[in-house]
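Structure first, commentary second.
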Amino acid sequence: MASEFSGFHDELRAVARAVLGAVPADSPIDWEVVAGSGWAGLEVPERLDGAGVTFAEVAVILEELGRCAALSPYLGSVALGIGALSLVEPDAGRDGLLRSIAAGDTVVAVAVGEDGGAGFRVERSVEGRLTLRGSMPFVADAPVAQRLLLVATGWAAGDDPAPPSPGGVAEATTRGLAGDTPVLVELNRSAARPSITDQPVLDATRRFGIVVADGVEVKQAQIRRFVGDPHVATGRLRDRATLAVALDSLGIGEAMLAATVAYAKVREQFGRPIGSFQAVKHACADMLVQLTIARELCDAAVERVACDLPDASAAVAMAKSYTCAAAVGIAGAAMQLHGGIGYTWESGIHRFLKRAALNRALFGSAAEHRRRIAARYR
Amino acid sequence: MDDTARADLDGFRAEVRRWCREHVPADWRGAETGVSEAEFAAFQQHWFRELRQAGYAVPHWPAEWGGGMSTAEQIVLYQELAAHDAPRLVLAFVAIHHAAATLLAAGTDDQRRRHLPAILDGEIWVQGFSEPEAGSDLASLRTSARRDGHHFVVNGQKLWASGGMHADWCLLLARTDPTAPKRAGISYFLMDMRSPGVDVRPIRNAIGDSHFCEIFLDDVVIPEANLIGPENQGWQVAQATLGAERGLTMLELSERLGNAGFRWLVEACRRADATGRRPIDDPVVQDRLAALETEVTGLRSLCRGLVERHEAGTPRPAEASVVKLFYSELLQRLTDFGAEIGGLDAHTVLHKPMSSGWESGAWMLDFIGSWEWTIPGGSSEIQRTIIGERGLGLPREPG
């Protein structure tokens with residue numbers, strides 16, 4: 001399938017690189033440009049004004065955004081947001097939100113644990129009122145999102161078809177609280193609740209927020225059920241998010257290798273380009289070898305996620321653990337091989353190194369992903 | 001891949017599995033441990049004939065010469081041979097890969113007709129490239145081939161010729177123009193190892209085997225018809241054919257690593273020691289296994305892509321070097337870990353079965369033997385230089 005679309009991918013990549021390359025470093029990417037280029041709605045069906053393609057195309061954009069360490073809510077709104085909405089039961093409200101994200105009118109953020117778990121619970125009072133409690137740190141792009149999608153457990157429409165009888169109060173309450181079925185709760189930010197607190201990190205190219213819901217009232221219409229087994233669905237959401245981060249690191253690695261090679265060709269010491277010295281040349285060769293393996297692992301994972309193949313999770317774990325660790329090493333080597341200039345704020349290499357290190361920690365460390373891989377050996 | 005193709009591939013896999021169950025000798029590992037070079041060679045010839053009869057010996061050759069398998073079929077074949085712990089073709093390796101690739105790319109029709117069917121009948125080949133003073137700096141080789149009418153007279157010494165004592169023919173690089181710059185005066189020959197003046201002496205390697213050889217050449221006469229490619233362009237011919245070929249041989253080796261080496265490593269980690277402890281229950285062991293599986297998975301995917309790009313005529317610069325370097329060092333890491341897991345017991349295994357893969361399960365010997373990958377065929381340092389210069393366009397070192 002990779003070859004079928006490779007022409008389209010090359011074109012998409014070329015356009016993305018040209019558009020993103022024109023944005024000055026440290027400036028946010030204009031979201032209207034992202035949406036206007038059709039990148040926000042790549043996976044959205046054509047009837048909702050999207051492109052109707054797959055995660056394989058989103059992957060191209062994710063890598064290119066990493067390549068320029070772009071400040072943009074693509075991770076929250078597209079990789080996670082559209083991913084989450086594609087996994088829930090469709091209705092007019094969901095379709096409207098997909099259309100709005102694709103058009104660039106709405107930016108969303110998704111609060112989901114790095115293992116796909118829920119940070120929130122829906123509780124139902126005796127009177128049938130639904131409230132949301134819980135919190136989730138490091139919610140990507142939450143500070144800029146107009147709409148929040150939270151993975152929550154607890155009561156969901158249909159769990160309890162019979163209204164509680166006056167004598168069955170305790171039973172009904174228990175029933176609602178005991179549910180551990182993940183659902184997706186949609187919240188409008190304008191209601192001033194839940195609270196979203198900015199969570200500054202060293203990497204200035206990412207925005208995170210702590211989302212806290214302390215008894216936020218929700219309506220049934222805001223609670224969306226996942227299609228099929230909800231635990232499988234949240235696992236797929238986790239895989240998408242994890243792979244999105246790996247692809248970002250792949251782009252970082254590519255950018256750092258390209259910058260280092262370009263510099264090593266022109267920077268002269270001892271009367272010759274530093275790239276002619278074996279120590280520098282071999283370090284660059286090692287960067288290329290690692291990136292080559294990382295790309296193989298990422299491509300394999302993208303194909304499995306895009307086609308929803310059963311072994312997707314292991315492939316994603318391999319892509320994430322290898323690529324994110326490799327990118328930190330490559331960005332570190334880039335700083336080293338640029339010498340003194342590489343350590344300056346001005347050079348900008350620190351932005352890539354910080355982002356690569358953050359990516360390594362985001363949605364599961366390398367060790368955690370390797371633990372999931374190793375679970376297959378028992 | 002459509003459903004029909006997938007079904008065909010499943011059918012082929014079933015066929016290979018059936019064949020392996022019927023033909024892989026059940027006791028070959030034990031029987032081939034500690035055998036003499038002659039017994040090893042006889043077993044290799046026998047196994048080659050078995051594979052050839054099944055049509056599995058040269059799947060990568062063009063159909064007209066007896067091959068013609070698709071990349072997907074080759075992968076299935078290599079996966080199943082490895083999974084059924086079939087012996088490897090060690091002695092025929094240079095013949096079916098390097099010699100065949102050279103003949104197909106640069107040979108004359110006569111040369112192809114003379115040698116390709118003979119290779120299928122068991123003709124053994126050896127590479128005569130390295131010399132005592134020409135290792136990593138191969139182009140500085142000194143073995144001379146002086147033209148004498150329609151013949152060349154060859155004098156010199158070749159080193160590290162693997163399988164040299166069994167070889168019928170040699171791929172020989174020799175200097176035909178001593179006055180030309182070093183890469184410009186080399187020619188490429190097909191040399192009959194039974195020619196008068198050829199003297200082969202084995203060298204014992206670090207694991208105790210003697211398949212490496214020195215080849216002494218004393219006024220050896222090679223007919224002009226056995227020149228391959230134009231005179232004085234042997235370096236270019238060898239570079240063009242062997243660089244790509246090295247990458248293609250890795251398809252089998254990477255599948256072997258994934259379907260035999262890594263699986264055995266997991267099995268070794270599952271085995272309880274005298275106290276009943278299993279290494280696999282240690283999270284550190286799990287972590288390292290997962291890291292190795294990840295690297296093996298990346299390598300297998302890369303090898304598959306490399307073969308497909310080679311067939312499509314769209315190879316990436318220096319990708320054969322990337323694969324060779326990564327495989328060599330991964331093999332070293334994996335066998336090192338096997339030796340670590342094996343503990344003291346791994347040191348009591350004094351012989352590995354001949355005809356096995358580079359990961360035989362005799363982990364200490366496999367670990368020591370992994371330097372046979374990081375040093376020959378362009379050492380890891382040379383590969384990094386090639387990747388830097390041809391893959392990334394970095395400037396050459398002056399001089």
Side-chain angles (χ1 to χ4, degrees), chain A residues 1-3 257-258 260-262 264-266 268 270-301 303 311 314-315 317-323 325-326 366-378, chain B residues 1 262-263 265-267 269-270 278 280-306 308 312 316-319 321-326 329-330 380-399:
Chain A
M1 82 150 260
S3 53
L257 174 60
T260 306
V261 167
K265 285 179 184 173
V266 298
E268 293 198 2
F270 304 100
R272 55 184 170 119
I274 61 167
S276 69
F277 289 101
Q278 228 169 49
V280 174
K281 189 178 291 173
H282 287 191
C284 291
D286 283 333
M287 292 157 87
L288 178 64
V289 171
Q290 286 181 30
L291 275 174
T292 303
I293 297 298
R295 182 171 294 286
E296 294 293 336
L297 292 168
C298 285
D299 284 352
E303 185 178 344
D311 54 349
M318 288 186 187
K320 171 69 162 73
S321 56
Y322 189 89
T323 308
E368 281 166 84
H369 286 291
R370 286 196 290 263
R371 195 176 309 139
R372 289 172 53 210
I373 295 165
R376 293 147 59 247
Y377 305 147
R378 308 295 187 83
Chain B
M1 192 183 298
F262 181 74
R263 286 190 190 180
L265 190 59
V266 173
E267 276 174 36
C269 292
R270 281 203 193 114
R278 303 189 318 158
I280 193 83
D281 295 327
D282 180 347
V284 175
V285 169
Q286 292 171 20
D287 186 81
R288 291 181 67 182
L289 280 177
L292 287 168
E293 189 194 359
T294 299
E295 292 183 303
V296 171
T297 304
L299 172 75
R300 290 169 65 192
S301 171
L302 180 61
C303 288
R304 181 181 197 137
L306 182 141
E308 285 169 350
R316 295 179 193 155
E319 67 176 337
S321 288
V322 171
V323 167
K324 197 265 186 184
L325 173 64
F326 191 74
E329 297 191 344
L330 176 56
S380 294
E381 289 69 29
I382 293 294
Q383 301 303 340
R384 286 189 168 86
T385 298
I386 292 171
I387 294 164
E389 291 174 4
R390 293 184 214 159
L392 295 170
L394 289 167
R396 297 176 62 92
E397 282 195 77

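Within every chain, numbering begins at 1; the chains are lettered A, B, ... in the order of the sequence lines, protein sequences first and strands thereafter. Quick caveat, the model's predicted, so the values are computed rather than measured.
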Run the numbers on B/Glu293 and A/Arg370 for salt bridge (charged side-chain N to carboxylate O under 4.0 Å, His left out), then give the verdict.
-> CA-CA 10 Å; B/Glu293 189 194 359; A/Arg370 286 196 290 263; over 6 Å; no

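- Taking 4.0 Å as the cut-off between side-chain N and carboxylate O, A/Glu296 and B/Arg300 do not count as a salt-bridged pair.
- Residues forming a side-chain hydrogen bond (donor to acceptor under 3.5 Å, both in side chains) with B/Arg263 (at least two apart in sequence, or on another chain): B/Asn259.
- Interatomic distance, B/Leu299 CG to A/Ile293 CD1, rounded to the nearest 0.5 Å: 6.0 Å.
- Heavy atoms from other residues, nucleotides or ligands lying under 6.0 Å from CZ of B/Arg270 number more than 12.
- Neither the backbone nor the side chain of B/Arg288 comes within less than 4.5 Å of any heavy atom of chain A.
- The backbone N or O of B/Ile387 lies less than 3.5 Å from no partner atom in the side chain of A/Lys281, so there is not a single donor-acceptor pair.
- Taking each heavy atom of A/Val289 and B/Val322 in turn, the nearest pair found is CG2-CG1, 4.1 Å.
- When every heavy atom of B/Gln286 is checked against every heavy atom of A/Tyr377, the shortest pair comes out as O-CE1, 4.4 Å.
- Once rounded to the nearest 0.5 Å, the distance linking CZ of B/Phe326 with CG of A/Asp286 reads 10.5 Å.
- Between the side chain of A/Arg378 and the main chain of B/Asp281, no donor-acceptor pair closer than 3.5 Å is present.
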Show your reasoning for whether side-chain contact (heavy atoms from CB on, under 4.5 Å) applies to B/Ser301 and A/Asp299.
-> CA-CA 9 Å; B/Ser301 171; A/Asp299 284 352; over 6 Å; no

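- Shortest non-hydrogen contact noted between B/Leu392 and A/Val261 is O-CG1, 3.5 Å.
- Residue A/Ile274 does not touch chain B at all, counting heavy-atom pairs closer than 4.5 Å.
- The shortest distance between side-chain heavy atoms of B/Pro395 and A/Arg272 does not fall below 4.5 Å.
- The two residues A/Gly275 and B/Leu394 make their nearest non-hydrogen contact at O-CB, 3.8 Å.
- Contact annotation: the side chain of B/Asp287 never approaches that of A/Arg371 to less than 4.5 Å [non-hydrogen atoms, C-beta and beyond].
- Using a 4.5 Å cut-off between heavy atoms, B/Glu308 makes no contact with chain A at all.
- For chain A, the nearby part of B/Leu325 is the side chain; its heavy atoms alone come within less than 4.5 Å.
- Atom CD of B/Glu389 is separated from atom SG of A/Cys284 by 12.0 Å, given to the nearest 0.5 angstrom.
- Neither the backbone nor the side chain of A/Ala300 comes within less than 4.5 Å of any heavy atom of chain B.
- Ranked by non-hydrogen atom pairs under 4.5 Å with chain A, the options B/Gly393, B/Ala318, B/Ser321 are led by B/Gly393.
- When the candidates B/Val266, B/Val285, B/Thr385 are compared by the number of heavy-atom contacts under 4.5 Å with chain A, B/Thr385 comes out ahead.
- The side chain to side chain contact (heavy atoms under 4.5 Å, CB included) check on A/Arg372 picks up A/Arg238, A/Asp239, A/Ser313, A/Ala317, A/His369, with sequence neighbours excluded.
- More than 12 heavy-atom neighbours from other residues, nucleotides or ligands sit within 6.0 angstrom of CZ on B/Arg278.
- Between A/Gln278 and B/Glu381, the closest side-chain pair of non-hydrogen atoms is not below 4.5 Å.
- Contact count against chain A (heavy-atom pairs under 4.5 Å) is highest for B/Arg384 among B/Glu397, B/Arg384, B/Arg396.
- Residues A/Ala285 and B/Gly388 come closest through the heavy atom pair CB-N, 4.2 Å.
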May I have the step-by-step check of side-chain contact (heavy atoms from CB on, under 4.5 Å) for A/Tyr322 and B/Glu295, ending in yes or no?
-> CA-CA 8 Å; A/Tyr322 189 89; B/Glu295 292 183 303; 3.9 Å; yes

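- In plain terms, the two heavy atoms of B/Gly298 and A/Leu297 that are nearest each other are N-CD2, 3.7 Å.
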